[in-house]
Amino acid sequence: MTFTLAVAGKGGTGKTSIAAMLITWLARERRGSILAIDADPASNLHLALGLPLPMTVGQIREDLGKQNSPDGLNGMTRVDYLDHKVRMSIEEGVAMDLLVMGRPEGAGCYCAVNHLLRQIVDRVGQAYAYVVIDNEAGMEHLSRRTTRDVDLLLLATDPTMRGLKTAEAMIHLARDLDIRVGTAAVVVNRVHGCVSPSMQSALAALPVDVAGYIPEDERVGELDGAGLPLAALDGNSPAYAAVAGLARSYIPA
Ligand SMILES: Nc1ncnc2c1ncn2[C@@H]1O[C@H](COP(=O)(O)OP(=O)(O)OP(=O)(O)O)[C@@H](O)[C@H]1O
Ligand SMILES: [Mg+2]
């Protein structure tokens, strides 16, 4: 059985950093195969993982749109062609594989292909023990239903009311849309010292747990600034140690 976890939340709250640290932790624990999915059109998870940027699912869709003749598909059906292309696009790292979604469907791109691609990505994920999805900022992926059927939805926020309101709105939207989420939990990132009393009461009033508090950690910023993978972090990094702690509690072995 695949355990799927997704990181979502307001822009710049640390979704990509948290996803990369979770993936690093899973890889170190050697719990099973890992597929990282970069579902942000800005596609930068590969940098945090130290992998090259592979061809994106968006590019595959655009290429298909340009193929007018059936010969372009090498005699394959559309489904087989897309399935083959998506599997070929996966970047195989030592510790994890990476699939990059790229730009979402634009105007004029017909739904049937997107539906097919979604099914293919789901099927590809089923071959892994863990699938970790780094989402784009905001709630669009929930309304598009590209985030669904996740075992764990981590809502990243910084210690600000605006971040927390976005996380809260996402909890309600996921419920209203009846999106299947096993567990949803908030992760407060970039905490300097303690969170304010008003933030504490707002967190306590949430209908979900707070999975963890991740301290501000200058090493994270330094590595990110240099475009280096977060795998350089170890237990001495307060941020990595906090992510490892929440992973131990929320991700089954
Ligand atoms: N715990 C932390 N300590 C210090 N810096 C952090 C921490 N978490 C994230 N950052 C920094 O905050 C910035 C935003 O982080 P990141 O890119 O992970 O956020 P994001 O939510 O994925 O952003 P976006 O919405 O643009 O995708 C980066 O410069 C990153 O290095
Ligand atoms: Mg990001």
Side-chain angles (χ1 to χ4, degrees), residues 1-40 45 48-49 95-96 128-135 137 147 149-160 163-164 166-168 170-171 174 181-196 199-200 202-221 223-224 229-253:
M1 274 287 280
T2 305
F3 185 85
T4 303
L5 76 93
V7 186
K10 191 175 86 66
T13 49
K15 298 175 293 298
T16 302
S17 308
I18 294 168
M21 287 189 272
L22 283 168
I23 291 163
T24 302
W25 180 82
L26 280 169
R28 285 183 183 151
E29 290 283 300
R30 296 180 189 279
R31 289 184 171 203
S33 54
I34 308 161
L35 178 66
I37 298 185
D38 188 347
D40 183 351
L45 180 64
L49 296 176
M96 80 290 292
Y128 293 82
Y130 297 94
V131 173
V132 180
I133 307 167
D134 176 23
N135 278 301
T147 298
D149 296 341
V150 293
D151 297 295
L152 177 61
L153 177 63
L154 290 177
L155 299 160
T157 177
D158 43 23
T160 67
L164 194 57
T166 304
E168 196 174 0
M170 294 184 82
I171 297 165
V181 173
T183 305
V186 164
V187 180
V188 189
N189 187 25
R190 307 199 71 166
V191 178
H192 301 259
C194 299
V195 296
S196 67
M199 184 81 185
Q200 274 175 30
L203 286 164
L206 289 176
V208 301
D209 284 354
V210 178
Y213 295 85
I214 304 174
E216 173 74 18
D217 183 342
E218 62 180 21
R219 259 317 260 155
V220 173
L223 290 168
D224 190 22
L230 296 189
L233 300 173
D234 57 20
N236 293 323
S237 147
Y240 179 75
V243 169
L246 86 83
R248 256 179 225 109
S249 315
Y250 281 84
I251 306 180

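Scope of the values below: all heavy atoms of this structure, side chains included, with no hydrogens, waters or symmetry mates. Bear in mind the structure is a predicted one, so any value in this text is a computation, not a measurement.
When every heavy atom of Val208 is checked against every heavy atom of Ala185, the shortest pair comes out as CG2-CA, 4.1 Å. Counting all heavy atoms, side chain and backbone alike, Pro215 lies closest to Ala242 at CD-CB, 3.7 Å. Of all non-hydrogen atoms in Ala95 and Ala27, the two that sit nearest each other are CB-CB, 3.7 Å. The shortest non-hydrogen separation linking Ile18 to Ala156 is CD1-CB, 3.9 Å. Shortest non-hydrogen contact noted between Ala241 and Gly235 is CB-O, 3.9 Å. Ile23 and Met96 make their closest contact through CG2-CE, 3.6 Å (heavy atoms, listed as atom of the first residue, atom of the second, distance).
Distance check: Arg219 CZ to Leu230 CG gives 9.5 Å after rounding to the nearest 0.5 Å. With values rounded to the nearest 0.5 angstrom, Ile34 atom CD1 is found 5.0 Å from Leu26 atom CG. Atom OG1 of Thr157 and atom CD of Glu168 lie 10.5 Å apart (nearest 0.5 Å). A distance of 7.5 Å separates CG of Asp217 from CE of Met21, quoted to the nearest 0.5 Å. In this structure, Ile37 CD1 and Leu5 CG are separated by 10.5 Å, a value rounded to the nearest 0.5 Å. Atom-to-atom distance recorded for Leu35:CG and Tyr128:OH is 5.0 Å, nearest 0.5 angstrom.
Ile214 has its side chain out of reach of Val191: every pair of non-hydrogen atoms, C-beta onward, lies at least 4.5 Å apart. Using a 4.5 Å heavy-atom threshold, the side chains of Val188 and Val210 count as touching. Counting only heavy atoms from C-beta outward, the side chains of Asp38 and Ile133 never approach each other to under 4.5 Å. For the pair Asp40/Leu45, no side-chain contact is recorded, criterion being any heavy-atom separation below 4.5 Å from C-beta on. Leu154 has its side chain within reach of Leu22: a pair of non-hydrogen atoms, C-beta onward, lies under 4.5 Å apart. Proximity of Asn135 to Val7: side-chain heavy atoms (C-beta onward) are nowhere separated by under 4.5 Å.
Geometric assessment of Arg31 against the ring of Phe3 yields a negative cation-pi assignment under the 6.0 Å and 45° thresholds.
Arg190 and Tyr213 share no donor-acceptor pair across their side chains, judged by distance under 3.5 Å alone. Donor-acceptor pairing under 3.5 Å is lacking for the side chains of Asp158 and Thr13. If you check the side chains of Thr16 and Asp134, you find a donor sitting under 3.5 Å from an acceptor.
Between Asp151 and the choices Thr4, Val181, Thr183, Ile251, the side-chain contact (heavy atoms from CB on, under 4.5 Å) rule is met once, by Thr4.
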Leu233 vs Thr24, test: side chain to side chain contact (heavy atoms under 4.5 Å, CB included). Steps then yes/no.
CA-CA 9 Å; Leu233 300 173; Thr24 302; over 6 Å; no
Let's go through Tyr240 and Asp234 carefully: what are the C-alpha distance in whole Å and the side-chain angles of both, what is the deciding distance for side chain to side chain contact (heavy atoms under 4.5 Å, CB included) to 0.1 Å, and is it a yes or a no?
CA-CA 7 Å; Tyr240 179 75; Asp234 57 20; 5.6 Å; no
